[in-house]
2 protein chains.
Amino acid sequence: MRLSDSIESFIKTLLSQEETEVELKRNELAEYFGCAPSQINYVLATRFTLDDGYVIESRRGGGGYIRIVRVVESGQQRLAYLINERIGTAISEEEAVRLLGQLAQQQVVTVHEAEIMRAAISSQALAIPVPDQMKDALRARSLKSMLTAVARQNREA
Amino acid sequence: MRLSDSIESFIKTLLSQEETEVELKRNELAEYFGCAPSQINYVLATRFTLDDGYVIESRRGGGGYIRIVRVVESGQQRLAYLINERIGTAISEEEAVRLLGQLAQQQVVTVHEAEIMRAAISSQALAIPVPDQMKDALRARSLKSMLTAVARQNREA
DNA sequence: TCAATTCTGACTATCTTTGACCAAAACAAG
DNA sequence: CTTGTTTTGGTCAAAGATAGTCAGAATTGA
């Protein structure tokens, strides 16, 4: 059993059934597993990504922490499909607007929320000197990030 | 719980209900929390800034005091200030998160909306290979675009 | 063997707390 | 009034406490 796998399981156990988030101290966890603290970052970076349905928050300094939030129930939510399949790694503004319109119509999000998301990824917002390709990638990331937030809110509601 | 967090809560409790301002003695408060007096200044500087919606006044010498005033502003005023003056052409994720938290707390936007906006401009969302400078510029554009959408919705409502 | 994955450690970034020294206001004595 | 003393609050730099990053070493699996 790899160290990374052990740490992954450990965290996922803490996140089991009821609990949807855990807060831990990087150094303590590293101590517990007898490894370098940066190993924890590696595990988080490779096994608790947005695409995996997790969001990581942290703070440095005294009283610092790492918080891991599970936002998508494996495979069962509709948003999970959108986040992982339909949007993918790049999406055009037109496609995104169409998608948001559908979500609003299906009342997955409010009209206000859809408008905000649309504003976030409008060509005006993305008017920076990078290739269109990169803008589409950026739009996909931002959109997925926002929908993940929505999924999290739905779950908490 | 961090000392700073305790002091912050304590002050916010004093300000919570009807009161829009409190006056206190720096040394007494420090004594109460068993910390260095300058710790109080640290808390004020990091958690009671103008961005957070507070104004600090103080006097030295006999009978000296520190007065913390919670500023009240209309949602539209606040949005206009952020869009036209505060955000500018670049903003870091940390600053943006602080501003969004404040907007939610002042109920200019809902917590859901704030979370969505936060997600839109998080570093996770902006993880593309461009210089940080450009990310900050992008974040500013996207944020202003979203806040403009919110302002428009308010007007139409 | 060799490429991908895992792991580590040195260096960096950020947040908190403290303490020494500074500045201003009030007060008291002359 | 003027000046010295006392009482406050302010500033800043340094130390302490965490977490993040990244290049390269170690390991693993094909």
Side-chain angles (χ1 to χ4, degrees), chain A residues 1-11 21-52 54-69, chain B residues 1-11 21-52 54-69 91-98 101 122-124 126-133 135-136:
Chain A
M1 182 73 137
R2 272 182 210 80
L3 216 202
S4 290
D5 293 337
S6 303
I7 298 174
E8 177 187 1
S9 313
F10 181 80
I11 295 175
E21 62 179 87
V22 262
E23 194 173 298
L24 36 82
K25 306 284 245 180
R26 190 179 77 148
N27 288 350
E28 282 181 11
L29 194 57
E31 176 97 16
Y32 179 68
F33 281 100
C35 65
S38 55
Q39 177 70 21
I40 307 302
N41 296 82
Y42 175 73
V43 173
L44 295 178
T46 56
R47 292 142 155 90
F48 292 87
T49 68
L50 236 184
D51 283 347
D52 292 327
Y54 297 90
V55 172
I56 309 294
E57 297 161 41
S58 67
R59 278 192 80 159
R60 310 184 189 192
Y65 60 81
I66 293 180
R67 177 155 47 223
I68 302 157
V69 185
Chain B
M1 182 73 135
R2 279 183 209 86
L3 216 203
S4 290
D5 293 339
S6 303
I7 298 173
E8 176 187 2
S9 313
F10 181 81
I11 296 175
E21 63 179 88
V22 261
E23 197 173 295
L24 36 82
K25 307 283 249 179
R26 189 179 79 148
N27 289 348
E28 281 181 12
L29 195 57
E31 176 95 17
Y32 178 68
F33 281 100
C35 66
S38 56
Q39 177 71 20
I40 306 302
N41 296 82
Y42 174 73
V43 173
L44 295 179
T46 55
R47 291 141 156 94
F48 292 88
T49 67
L50 196 52
D51 278 351
D52 293 323
Y54 298 91
V55 172
I56 309 295
E57 298 160 42
S58 66
R59 282 195 78 148
R60 312 184 188 193
Y65 59 83
I66 293 181
R67 177 155 47 220
I68 302 158
V69 184
I91 188 170
S92 70
E93 177 174 12
E94 295 71 31
E95 279 181 306
V97 166
R98 279 164 49 87
S122 70
S123 57
Q124 267 181 332
L126 268 42
I128 55 168
V130 301
D132 283 359
Q133 259 187 336
K135 290 186 189 178
D136 286 352

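Note on naming: letters A, B, ... go to the chains in the order of the sequence lines (proteins, then strands), and numbering restarts at 1 for each one. Quantities reported herein were computed from a predicted structural model and do not represent experimental measurements. Computation of the quantities below employed the complete heavy-atom set of this structure, encompassing side-chain atoms and omitting hydrogens, waters and symmetry-equivalent molecules.
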Open item on the list: Considering every strand and a 4.0 Å limit on heavy-atom distances, what is the contact class for Arg47(A): base, sugar-phosphate, or nothing?
Closed with: sugar-phosphate
>> So Arg59(B), base contact, sugar-phosphate only, or nothing? Heavy-atom distance under 4.0 Å.
In response: sugar-phosphate
Among the nucleotides dC15(C), dT11(D), dC7(C), whichever has the atom closest to the side chain of Asn41(B) is dT11(D)
Donor-acceptor pair under 3.5 Å: do we get one between Arg60(B)'s side chain and the base of dG10(D)? no
In whole angstroms, the gap separating P of dT27(D) from CG of Asp5(A) amounts to 17 Å
Pick base, sugar-phosphate or nothing for Gly61(A), based on heavy-atom distances below 4.0 Å to the nucleic acid. base
Taken to the nearest whole Å, CE/Met1(A) to P/dT28(D) is 14 Å
In whole angstroms, the gap separating P of dC12(D) from CD of Gln39(B) amounts to 17 Å
Among the nucleotides dT6(C), dG10(D), dT8(D), whichever has the atom closest to the side chain of Ile66(B) is dG10(D)
task = Verify, without hydrogens or angle tests, whether Lys25(B) (side chain) and Gly64(B) (backbone) share a donor-acceptor contact under 3.5 angstrom.
result = yes
**OP:** Could you check whether Leu3(A) gets within reach of a base, just the sugar-phosphate, or nothing at all, counting any heavy atom under 4.0 Å?
**Re:** sugar-phosphate
Of the listed dT18(D), dG9(C), dT17(C), the closest approach to the Ala36(A) side chain comes from dG9(C)
- request: Indicate yes or no for a side-chain donor-acceptor contact from Arg2(B) to the backbone of Gly62(A) under 3.5 Å, with no hydrogens or angles considered.
  value: yes
Between OH of Tyr42(A) and C1' of dT6(C) the distance, given in whole Å, is 5 Å
Phe33(B) CZ to dT16(C) P, in whole Å, measures 15 Å
Phosphate oxygens OP1/OP2 of dT18(D): is one of them under 4.0 Å from a side-chain N or O of Lys25(A)?
yes
Return no unless some side-chain N or O of Asn27(A) is found under 4.0 Å from OP1 or OP2 of dA17(D). no
Any N/O donor-acceptor pair, Ser38(A) side-chain to dG9(C) base, under 3.5 Å: yes
Side-chain atoms of Arg2(B) come closest, of dG9(D), dT18(D), dT16(C), to dT16(C)
Taken to the nearest whole Å, CG/Asp132(B) to P/dT12(C) is 17 Å
Please determine whether a side-chain nitrogen of the Lys or Arg among Asp52(A) and Arg47(A) lies less than 4.0 Å from a carboxylate oxygen of the Asp or Glu.
no
Looking only at dC7(C), dT17(C), dA19(D), the nucleotide nearest the Ser4(B) side chain is dT17(C)
inquiry  = Checking the side chain of Ser38(B) only, and the main-chain atoms of Asn41(B) only, is there a donor and an acceptor separated by less than 3.5 Å?
reply    = no
Leu29(B) CG to dT8(D) P, in whole Å, measures 15 Å
>> Using 30° and 60° as the class boundaries, would you call the ring planes of Phe10(A) and Tyr32(A) parallel, tilted or perpendicular?
In response: tilted
Leu44(A) atom CG is separated from dC7(C) atom P, nearest whole Å, by 13 Å
For this session: May I have the step-by-step check of side chain to side chain donor-acceptor pair (under 3.5 Å) for Ser122(B) and Glu93(B), ending in yes or no?
Result: CA-CA 6 Å; Ser122(B) 70; Glu93(B) 177 174 12; 5.0 Å; no
